[in-house]
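All chains are named by letter (A, B, ...) in the order of the sequence lines, taking the proteins before the strands, and each is independently numbered beginning at 1. Computed from heavy atoms alone, side chains included, the values below leave out hydrogens, waters and symmetry copies.
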Amino acid sequence: MTAVRASQLVDAYLRRLEIELVDLPAAKRHEIVDEIRRHIAGERSAMVDETDANVMNLLDRLGDPAEIAAEARSGAERRRLAQGLRRFGTLEVLTLALMLLAWPVGVILLSASRAWTTREKVLGLLLPPGGYPGAFLLIANFHRFASMTDAGPNWAQITVGAVLFTVSLLLLTAPIGMCVYLATRMRVPSHQQGEVRGSSRW
Amino acid sequence: MQCKVPCSTVLLVPIDGLATQLRKGVIEYCVLALLKEAPLYGGEVIEILRSKGQILISEGTIYPLLSRMRSEGFVETEWRDTPAGAPRRYYRLSRSGQKAVADFRDEWFRFRNSVDEIFRDGGGQR
């Protein structure tokens, strides 16, 4: 038995593979095609009796070029997603930092983000009013409230002092507490979650 | 369980596609585990997987998979001359590849034990 059409079959297979991989970066496409070409050459040289049927079986075992291309594309897709997720993380960290330091800008980014639910966004908008600049502004005006009770009895001064102290503590801890809460609730947007779940971990 | 419609249509993963789904989840780690023993070229990876049964269906898909693992830093490659024929690209495990294998191994044994336990106990019945 001889392999009359073996080389033609292999060439046609590799051509189809090239076409299926056409949307991949050239370097990646060449690497995959080159490796498969070497694989076929190695297997053919190891054949005791190279017949058309043996070569066809070899190509069958390698699989449909479309399947190989699908595997290659799933890798490219995974890389794209991983890059997307990294970008997503940076933006959200920036949002949280601005919520503390430049509240209006942080609020705009928070509202536009898809990393939090509406409920979390509303909580984020309410609890740190103005971020730290806002909190310091309020605390700086507390002496006005305190001075209102100067003429009053001692117990009223103590009570107002205690209330203002508690409010100050809350104003100082609430923004950072809210940012920690939002950081723990941050999530991958739902349309990406499905894609990530559909692929392996890396 | 009695099914009024064919059972495979009510499962999340149709039973005929189940093996493919399972295979997809583990094939990369199986390849990494093989490379843990010694550097191999693509043909050797395919040959070993072929000898292990139904792990690999389309043998050619190993090459994009190896290429991806190289891009992602789980394997490193080097060309080696062969006595007869063209040089071959050998793949060996990188440090992050070794970690991935170790992590998968732990995860796999936990997962497998849980599934084994459920099936051994008759679907969770006491």
So which part of A:D60 gets closer than 4.5 Å to some heavy atom of chain B, the side chain, the backbone, both or neither? neither

Straight-line distance of A:S74 OG to B:K24 NZ, nearest 0.5 Å: 7.5 Å

Output for pair (A:L58 CG, B:E59 CD), nearest 0.5 Å, gives 8.0 Å

If I take atom CZ from residue B:R89 and atom NE2 from residue A:H39, how far apart are they, to the nearest 0.5 angstrom? 15.0 Å

Over 12 foreign heavy atoms within 6.0 Å of CD, B:Q98: yes

Where on B:L66 is there a heavy atom nearer than 4.5 Å to chain A: the side chain, the backbone, both, or neither? neither

Validation row: A:I68, B:P64 side chains within 4.5 angstrom (heavy atoms): yes

Rounded distance (nearest 0.5 Å) linking atom CG of A:D64 with atom OG of B:S58: 7.5 Å

Surrounding CZ of B:R105 (heavy atoms of other residues, nucleotides or ligands, distance under 6.0 Å), is the total greater than 12? no

Does atom OH (A:Y181) have a neighbourhood of more than 12 heavy atoms from anything else shown, all under 6.0 Å? yes

Tell me the closest heavy-atom pair linking B:R68 and A:K28, and the distance in Å. N-NZ, 4.3 Å

Structural part of A:R38 lying under 4.5 Å from a heavy atom of chain B: side chain

Spatial distance of atom OG1 (B:T77) from atom CD (A:E31) [nearest 0.5 Å]: 7.5 Å

Closest non-hydrogen atom pair between A:E71 and B:T61, with its separation: CG-O, 3.6 Å

To the nearest 0.5 Å, atom OH of B:Y63 lies from atom CD1 of A:I32 at 11.5 Å

